[in-house]
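One structure is given below, encoded as structure tokens.
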Amino acid sequence: MANLYLIDKPFADSALGLAREDPDAEVVLLQDGVYLSVEPLLAARKKVYAVERDVERRGLSSKIGNDVKLIDYHQLVDLLFANKVLNFA
Amino acid sequence: MANLYLIDKPFADSALGLAREDPDAEVVLLQDGVYLSVEPLLAARKKVYAVERDVERRGLSSKIGNDVKLIDYHQLVDLLFANKVLNFA
Amino acid sequence: MAQRRILFTINHAPFGSIHYTEGLRAVVGATSGIDEHEVDVLYLGDGVYFALRGVDRSDTLKYIDTLAQAGRKLKVERESLQERGIAHQDLAPDVEVIPRSAVRDLIAQADFTAGF
Amino acid sequence: MAQRRILFTINHAPFGSIHYTEGLRAVVGATSGIDEHEVDVLYLGDGVYFALRGVDRSDTLKYIDTLAQAGRKLKVERESLQERGIAHQDLAPDVEVIPRSAVRDLIAQADFTAGF
Amino acid sequence: MAKLGILLTAGPFQFENWETAVNIADAALDKGHEVEMFFYLDGIYNPNRHQTFPDLPTLPKDRFAKLVERGAKPIACGVCVRARGQKGEDYIDGVPVGGLPDFAQILSDVDQLVTL
Amino acid sequence: MAKLGILLTAGPFQFENWETAVNIADAALDKGHEVEMFFYLDGIYNPNRHQTFPDLPTLPKDRFAKLVERGAKPIACGVCVRARGQKGEDYIDGVPVGGLPDFAQILSDVDQLVTL
């Protein structure tokens, strides 16, 4: 069971800081959170997901890296129940 | 007549960037804008005001520098009519 | 009673808040009065994400069309794009990139500004 | 039906939004049910500005008193304070500064988190 | 099967949170889970039955009504409702006005909590 | 003496903007200026006459009512009102429901514009 950080942009600084140093962290970017730079997370070998709808409507599909896994809401629900949710949205 | 930037925190990055390079800029910090670091503005010799009520209720009165002028709403209204208002609140 | 020139700045990114589209509705609305105000639309800060080529415009298209017909382009600050690593080829073809010095000209020309 | 431990994080600064006080009302509310949940209150990011000594507490005092009577301290992340240049002498006497490693312990102990 | 709790503190239209909340709730129901929602702060504006907007084929109230139809159990914070001058009779069917003890009960009932 | 225009896009309680708007408007009236306000987006929630909150001696509606008494001229965006399921009859006296052409007229009338 991971610590699943749900991250939107307004609280990104503290949420990303926590997640980066948390050995059990996985991150879900949602809403404006999909604009965030995830290099530090990936460098720290964290698994990063992004909500596909939020990426697509913002025109970011071609800009987001292959190392970020796009998920739909059904996959998100599975992640929510399989992990401990850290709410930063 | 100055360009009077009314700045709250959410849009501070672009507003402060604009103001710093604007030779006619003066800045009013209001609401959560009073948390902003004003060193770059002061270094660029910009006049900086902060709304006194917003500073006081946040417990920042002793932390805010003497080079920031605290103003009440009557003074703010005078500033609004005496300048061109740039809305970033 | 007078015609004014209003600079609308859009600072909110799509789609976290509705300002990306309601700001444009207000722009069009400002031109709807008896004085037919002049308007400029400028994307700054995170607002510039609206200029990306693939952004869903279904809620904004009618306002953009109205503005385009009046000869008004959506302007985007170059420095805000650069800070976010957005390149020219990432942008929609109908936006106009302007440097900060031109932003200062827009400010100089404006009677009022409105921030969204 | 079970007693839970909930970690409430407060990320919004006072007073730009009402989350600084309504978050605490929700904390107290969470303890008001039949299961008497355990709660922790943690200030993170800009939320830590609430810990400043001179902050106006007129809207939050009753919630803070209720929590204090239940032996619950307001916890503030040290790293968030440091990033904002807030020193120990700037803080209200009733807040408890904890390092990020202790934040991880709070997370480990929590069944749920709620963000304000 | 499991139970999902959603705490929604943002209103309709202005921010994207209500859409995310509904999309997550819908997906949870698709998978056979149960959903309990608490409308808090501006969140209490969401289930207003009088919403009308010609341009939008589906309004927030329609999506929340569909969730109720599918078995989701929402409840609104009464203090928030009254502070904002709203009335329970203006809500879509199936959204009672309660209080924070109901939020405490949701914390007892659910297996996971999302706050938006 | 001059005229101040205020565009308010945030609702009561949730954000500080309504208080800033009222404080600025009050100060302008103190100085003999005129004030015109446009409630846009969530701003339209502000003048609801049914607001009640036991802990607050002065509610948003009371402060806006006082502004009206003192001669301020507010008007609300009708599209926003109807989208949010609100009704003009729930407003305090002196707040008509209009539209963006009224905002355009405010832009014609005033000497300065503040958006909050």
Side-chain angles (χ1 to χ4, degrees), chain A residues 4-17 19-20 27-44 46 48-76 80 85-89, chain C residues 9-25 41-65 68 73-97 115-116:
Chain A
L4 190 76
Y5 288 75
L6 303 189
I7 303 185
D8 192 359
K9 198 155 190 293
F11 313 125
D13 279 354
S14 52
L16 292 175
R20 208 168 47 235
V27 170
V28 178
L29 306 174
L30 75 173
Q31 302 184 156
D32 285 351
V34 302
Y35 290 122
L36 295 166
S37 162
V38 292
E39 301 310 321
L41 289 174
L42 296 170
K46 302 301 173 196
V48 182
Y49 306 90
V51 173
E52 187 167 26
R53 162 186 175 277
D54 295 341
V55 170
E56 280 178 356
R57 67 193 312 210
R58 288 168 176 79
L60 297 173
S61 300
S62 64
K63 293 213 78 188
I64 209 149
N66 288 329
D67 23 24
V68 174
K69 183 170 163 51
L70 298 182
I71 55 171
D72 63 20
Y73 290 99
H74 291 107
Q75 292 167 296
L76 177 54
L80 294 176
V85 176
L86 280 292
N87 282 294
F88 288 98
Chain C
T9 60
I10 301 189
N11 307 284
H12 286 87
F15 290 75
S17 88
I18 203 169
H19 295 74
Y20 78 95
T21 175
E22 293 288 50
L24 288 180
R25 183 159 71 90
V41 181
L42 171 65
Y43 291 87
L44 288 172
D46 282 351
V48 303
Y49 285 118
F50 186 77
L52 287 173
R53 177 183 291 278
V55 170
D56 178 353
R57 291 189 174 192
S58 46
D59 291 330
T60 47
L61 201 57
K62 61 177 178 296
Y63 309 125
I64 294 172
D65 282 351
K73 278 209 161 189
L74 307 179
K75 298 187 170 75
V76 183
E77 191 202 45
R78 190 180 59 193
E79 285 76 0
S80 296
L81 292 169
Q82 287 169 344
E83 286 163 12
R84 287 159 185 77
I86 301 173
H88 197 267
Q89 66 265 27
D90 298 328
L91 298 177
D94 61 346
V95 303
E96 181 185 351
V97 178
F116 275 94

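Order of the sequence lines fixes the chain letters, A, B, ..., with proteins taken first and strands second; residue numbering starts at 1 for each chain.
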Item to check | Nearest atoms (heavy-atom pairs only) where A:Lys63 meets C:Asp90 | outcome: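 In this case the closest contact between A:Lys63 and C:Asp90 is NZ-OD2, 3.3 Å.
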Item to check | Option that, when pairs with chain A are counted at under 4.5 Å, heavy atom only, ranks first among C:Tyr49, C:Phe15, C:Phe50 | outcome: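 Max contact count across the listed options: C:Phe15.
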Next on the checklist: For the CG atom of C:Asp59 and the CZ atom of A:Arg57, what is their distance to the nearest 0.5 Å?
Outcome noted: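 One gets 7.5 Å once the value is rounded to the nearest 0.5 Å.
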Item to check | Nearest-0.5 Å distance that lies between atom CG in C:Asp46 and atom NZ in A:Lys9 | outcome: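 Going from CG on C:Asp46 over to NZ on A:Lys9, the span is 3.5 Å.
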Next on the checklist: Sub-4.5 Å heavy-atom contacts with chain C: which residues of residues 27-36 of chain A show up?
Outcome noted: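 The residues closer than 4.5 Å to chain C, in numerical order, are A:Asp32, A:Tyr35.
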Checklist entry - So with a 6.0 Å cut-off around CG of A:Asp13, is the heavy-atom count from everything else above 12? => result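 Atom CG in A:Asp13 is not packed in, count stays at 12 or less.
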